[in-house]
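Worksheet: the structure to be examined is printed underneath.
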Amino acid sequence: MNQINALCARLGEHAAGSWQEEAAVWLLATHGHWLPELQRARLIVDDGEGSSRVAWRLVASACLNAGDGTLSGTVEAWQVLRLACVLTGRHVLSLGNLYTLDEHNMRLALHAMAWAAGGHAWAASLGLLPPAHEAETPSGRVRCEAHPGVHNQSRDCRRPHYVGVDGPEPQAGHPYRVTD
């Protein structure tokens, strides 16, 4: 497993149980530009126990000064980063230029918004992504009403909830987590 894939897994495990943060992490991981950039700028924090989290408050602050700090990206990439911050539910940033996204990134953005609003299974049911690009949670592990225990999601799963490697089943309502 390469370094970025391992980082995606750690971030996904930390986000597990919060549809909003799962969607934000998925969007950054799938877009491809931001995880290495955030890691380089030390905006991804390792807790020392095998878990990592995005310092969303600092990332949102960087979005306010796009291009003037240590982070760099295209106008389109900045829109994706702003949306990821907004999806967490803790930051208000302008999304007025989302219409400038190309079709691929627009589909990623729409899928992430649907995921944040109704969970991964509901977002996947909307068919916003081509079948070859079906989204998975960064952790990839679920609990559901149809199968016992933690497992990988299948089409037979009913009401799946994502969990980390050793994480408990999320509480009803998927409460926000304090991440920074």
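Residues Trp34 and Leu27 have side chains not in contact (no heavy-atom distance under 4.5 Å, counting atoms from C-beta outward). You'll find the side chain of Trp115 stays beyond 4.5 Å of the side chain of Gln20, heavy atoms only. Proximity of Leu129 to Leu110: side-chain heavy atoms (C-beta onward) are nowhere separated by under 4.5 Å. Using a 4.5 Å heavy-atom threshold, the side chains of Leu11 and Leu28 count as separate. The closest side-chain heavy-atom distance from Leu101 to Leu108 is not below 4.5 Å.
From Asp46, atom CG reaches atom CZ of Arg10 across 5.5 Å, with rounding to the nearest 0.5 Å. Once rounded to the nearest 0.5 Å, the distance linking SG of Cys63 with CD of Gln79 reads 9.0 Å. Taken from OG in Ser52 to CD in Gln39, the straight-line distance is 8.0 Å, to the nearest 0.5 Å.
Nearest approach of Val25 to Gly12, heavy atoms of both residues: CG1-N, 4.2 Å. Smallest separation of non-hydrogen atoms from His33 and Ser72: NE2-O, 2.7 Å. Smallest separation of non-hydrogen atoms from Arg107 and Gly127: NH1-O, 4.3 Å. Taking every heavy atom of both residues into account, Ala23 and Ala116 meet most closely at CB-N, 3.7 Å.
By the side-chain contact (heavy atoms from CB on, under 4.5 Å) test, Val45 is found to be paired with Arg53, Ala55, residues two or more places apart in sequence or in another chain being considered. Remark: Ala114 pairs with Trp122, Ala123, Leu126, Leu128 by the side-chain contact (heavy atoms from CB on, under 4.5 Å) rule, at least two apart or across chains. Every residue meeting the side chain to side chain donor-acceptor pair (under 3.5 Å) condition with Glu76, not counting sequence neighbours, appears here in chain and number order: Asn105. Applying the salt bridge (Lys or Arg N to Asp or Glu O under 4.0 Å) criterion to Arg40, with sequence neighbours excluded, gives Glu37. The side-chain contact (heavy atoms from CB on, under 4.5 Å) test applied to Ala24 returns Trp56, Ala84, Leu87, Thr88, not counting sequence neighbours. Evaluation of the side-chain contact (heavy atoms from CB on, under 4.5 Å) rule for Ala60 yields Cys85, His91, Leu93 as partners, not counting sequence neighbours.
With Trp78 contributing its side chain and Gly73 its backbone, the two residues share a donor-acceptor pair below 3.5 Å. No donor-acceptor pair under 3.5 Å is formed between the side chain of Ser51 and the backbone N or O of Asp47. No donor-acceptor distance shorter than 3.5 angstrom exists from the side chain of His120 to the backbone of Glu22, with no hydrogens or angles considered.
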Inset, instruction - Decide side chain to side chain contact (heavy atoms under 4.5 Å, CB included) for Leu71 and Leu38; before the verdict, give the C-alpha distance in whole Å, the side-chain angles of both, and the deciding distance to 0.1 Å. - result: CA-CA 7 Å; Leu71 295 177; Leu38 294 176; 4.0 Å; yes

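Placement of Leu64 and Leu98 within a single hydrophobic cluster is found when ILVMFWY residues are connected by side-chain heavy-atom separations under 4.5 Å, directly or transitively.
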